[in-house]
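Structure first, then comments.
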Amino acid sequence: MTVTTQVFQVDPENIDSAAIAIAAQMLTAGRLVAFPTETVYGLGANALDVTAVDRIFAAKQRPFTDPLIVHLANAEQIGQVAMNVPDVVAALAARFWPGPLTLVLHRAPAVAPNVATGRDTVAVRVPAHPVAHALLTACTLPIAAPSANLFSRPSPTTAQHVLDDLSGRIDIVLDGGPTTIGLESTVVDLTTQPPTLLRPGGVGIDALRELLPDLIAPAAPLVVAETEAAPSPGALLKHYSPRAPVVLLRGDAEAVRQCIYTVAPVLHERGKRLGLLAPDEEFNNYTDLRAELVSLGPAHDLTVIGRYLFARLRELDSMGVDVIVARTVGEGDAAGELSMAICDRLFRAAEGRVLDASDPHALELLLTLA
Ligand code: TXA
Ligand code: MG
């Protein structure tokens, strides 16, 4: 079914309360509203209304096995959606909310079962964006909101990304400008003993361990099979993917440069277009390369890389490249609060294809994929 998607500009510093009121009414009526959060844009529906929540799955073409995060205006609302809430939540909320942390708790009966895709748990967060906060406050409902993209596409960090994927499928987009973090929230399951990190994100692991010292976190990106009854079904390998296949190259700048210069002429000869996602510092290595060169941001500044990563993947897609090569970043020396999240998103965008730049099979693989 096609609907007309209305777009309202809402300045985060000068909130248009009339637009917020219309969007809040839409949510109350069981309709879909996309809104900015500090991480990525979310696609919201009333979390207490089964039919409204079903519309999210339909609009996104999301599998009915992947549960949604419920967004609250403030931590005091938690009792509406969760029960047997452990004491540590108060401390976590005081430190990280509003902000990019999602907690998996025991689900209260009021929450529509499809929010949690039948599980007896519920994921909850209080977003920090002023537009999200105004909307959640105005509608007074808990709002289920996955990222506002088509399933398995890179998450949207601008209203235009939302429209590119979902125009005609949702009712309203609140355009509050580009999001600042650009990567989704960190998801922690507090229903397990000890607690488990299900998705690295905007809040880093070191900060979390100050309040959750026994938090279990996988050393490498968590990968689950599509059929598996997994703790976090969102941890599918193919996720955040642009249309063109992505290959990650690991190695020093020179090894990567050599690999790219071996591959590029062969691809060119075959009429294939190569997209290259490289840190700013290495742009000069590629000035005469026959490829679409897109900036990953400054290698030393993971905040900037995180903010634009999904936008850059979408940009390469719109250039129509046949294959994308990206440099791994955020590993080892450049590690910082966002490094786990950035490595995770790049790894999934590449569907797990990580090659050593000096691997002689790199060329072969790139030619097979392109
Ligand atoms: O930053 C964010 O978290 C954004 C903004 C819009 O808030 N939302 C977001 O939602 O990224 P989504 O649906 O794209 O990702 C939700 C993640 C998935 O990995 C899902 O499997 C996990 O949270 N999740 C949700 N409910 C869960 C539950 N009850 N148990 C385990 N994992 C859950
Ligand atoms: Mg998502």
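Computation of the quantities below employed the complete heavy-atom set of this structure, encompassing side-chain atoms and omitting hydrogens, waters and symmetry-equivalent molecules. Every number for a ligand or one of its atoms is a count from 1 in the order of the listing.
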Fill in the blank from the handout: When every non-hydrogen atom of V203 is compared with those of T186, the smallest separation belongs to O-OG1, 2.7 Å
Problem - Row check, F347 ring normal vs R345 NZ/CZ: under 6.0 Å, within 45° - result: no
Fill in the blank from the handout: The option among A144, G202, G42, P36 carrying the non-hydrogen atom nearest to atom 6 (C) of ligand 1 is G42
Practice task
Indicate yes or no: does an N/O atom of R125 lie under 3.5 Å from an N/O atom of ligand 1?
Solution key: yes
Practice task
State the atoms of ligand 1, each with its element, that fall below the 4.0 Å cut-off from a heavy-atom position in T39.
Solution key: 1 (O), 2 (C), 4 (C), 5 (C)
Problem - R153 with D164: basic N within carboxylate O range, under 4.0 Å - result: no
Handout entry: D171 (side chain) donor-acceptor with L32 (main chain) under 3.5 angstrom
Key = yes
Exercise for the section: Please state which part of R62 comes within less than 4.0 Å of ligand 1, counting heavy atoms only: side chain, backbone, both or neither. Expected result: side chain
Handout entry: Any donor-acceptor pair under 3.5 Å from E38 side chain to P127 backbone
Key = no
Exercise for the section: Report yes or no: does N149 have an N/O/S atom closer than 2.8 Å to the Mg ion (ligand 2)? Expected result: no
Practice task
Please identify which atoms of ligand 1 are closer than 4.0 Å to at least one heavy atom of L198.
Solution key: 31 (C), 32 (N)
Practice task
With side chain to side chain donor-acceptor pair (under 3.5 Å) as the test, would you mind laying out the steps for S155 and R314 before giving the verdict?
Solution key: CA-CA 9 Å; S155 292; R314 283 176 178 262; over 6 Å; no
Problem - Atoms of ligand 1 close to P146 [distance to a heavy atom under 4.0 angstrom, numbered from 1] - result: 10 (O), 12 (P), 13 (O)
Completion exercise
Among T186, D66, D189, the residue with a heavy atom nearest to atom 21 (O) of ligand 1 is D66
Problem - N or O contact, Y41 vs ligand 1, cut-off under 3.5 Å - result: no
Practice task
Return the option from T65, T121, V124 holding the heavy atom at the smallest distance from atom 29 (N) of ligand 1.
Solution key: T121
Fill in the blank from the handout: With heavy atoms and a 4.0 Å threshold, my read on which part of H71 contacts ligand 1 is side chain
Practice task
Kindly confirm or rule out an N or O of R119 lying under 3.5 angstrom from an N or O of ligand 1.
Solution key: no
Fill in the blank from the handout: Checking heavy atoms under 4.0 Å, the part of S147 that sits near ligand 1 is both
Exercise for the section: Scan residues 67-77 for pairs that pass salt bridge (Lys or Arg N to Asp or Glu O under 4.0 Å), counting only residues two or more places apart or in two chains. Expected result: none
Practice task
Using distance alone, determine whether R199 and ligand 1 share an N or O pair under 3.5 Å.
Solution key: yes
Fill in the blank from the handout: Contacts satisfying salt bridge (Lys or Arg N to Asp or Glu O under 4.0 Å) that involve residues 284-301 (not counting sequence neighbours) are R273-E292
Practice task
Answer yes or no: is there a donor N or O on one side and an acceptor on the other, between the side chain of T196 and the main chain of L198, under 3.5 Å?
Solution key: no
